[in-house]
Amino acid sequence: MTITSENMLTYRTQTMYLAIWLKMKGLKFSSIDRSKPRLTFVFEDSPEREALVKEYYAQPLIQEFVGAINDMKTEMYAENPPVVFDKTRKEPK
């Protein structure tokens, strides 16, 4: 949990599947922080957030589903990995 410049409490996660779960469960999505190589999903924090995060990690079916997605992504990119762009690198002139 962090406090933004507007004094609003926020919750940040780099876990896309958790972010999807929180949005689906009604936590108000605020933005995506793209300032670092890994995206960070930002939500307005609420008293329910802690219970929602625990619920997400406690459900074996969700964890099995996420694992299966990751396995399929591994298969998809086994021969042709996705291109990763370095946003910090300057292009030569």
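Distance check, rounded to the nearest 0.5 Å: CG of Leu22 to CD of Glu48 gives 11.5 Å. The distance from atom CZ of Arg38 to atom OG of Ser35, rounded to the nearest 0.5 Å, is 13.0 Å. Atom CD1 of Ile62 and atom CD of Glu55 lie 7.0 Å apart (nearest 0.5 Å). With rounding to the nearest 0.5 Å, the separation of CG in Leu39 from OG1 in Thr15 is 12.0 Å. Atom-to-atom distance recorded for Thr13:OG1 and Leu27:CG is 11.0 Å, nearest 0.5 angstrom. With rounding to the nearest 0.5 Å, the separation of CZ in Arg12 from CD1 in Ile32 is 11.5 Å.
Side-chain atoms of Glu75 do not come within 3.5 Å of backbone N or O of Asn70 as any donor-acceptor pair.
Taking both residues in full, the closest heavy atoms of Met8 and Ser30 are given as CE-OG, 4.3 Å, listed atom of the first, atom of the second, then distance.
With side-chain heavy atoms closer than 4.5 Å counting as contact, directly or through intermediates, the hydrophobic cluster containing Met76 also holds Tyr77.
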### Task
Determine, step by step, whether Tyr11 and Leu18 satisfy the side chain to side chain contact (heavy atoms under 4.5 Å, CB included) criterion, reporting the C-alpha distance in whole Å, the side-chain angles of both residues, the deciding distance to 0.1 Å, and the verdict.
CA-CA 12 Å; Tyr11 177 74; Leu18 174 59; 3.8 Å; yes
### Task
Dump the intermediate steps for side chain to side chain contact (heavy atoms under 4.5 Å, CB included) on Phe41 and Met16, then the final yes or no.
CA-CA 7 Å; Phe41 302 92; Met16 183 182 67; 4.0 Å; yes
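In this view, Phe29 and Phe43 satisfy the ring pair (Phe, Tyr, Trp, His ring centres under 6.0 Å) rule, not counting sequence neighbours.
When the shell of 6.0 Å around CD of Glu50 is examined, it contains 12 or fewer heavy atoms from other residues, nucleotides or ligands. Within 6.0 Å of atom CE in Met72, 12 or fewer heavy atoms from other residues, nucleotides or ligands are found, so the atom counts as exposed in its surroundings.
Phe65 places none of its side-chain heavy atoms less than 4.5 Å from the side chain of Tyr17.
Pairs engaging residues 18-29 under the side-chain hydrogen bond (donor to acceptor under 3.5 Å, both in side chains) rule: none recorded [sequence neighbours left out].
Leu61 and Ile69 are not part of a single hydrophobic cluster, where members link through side-chain heavy atoms under 4.5 Å apart.
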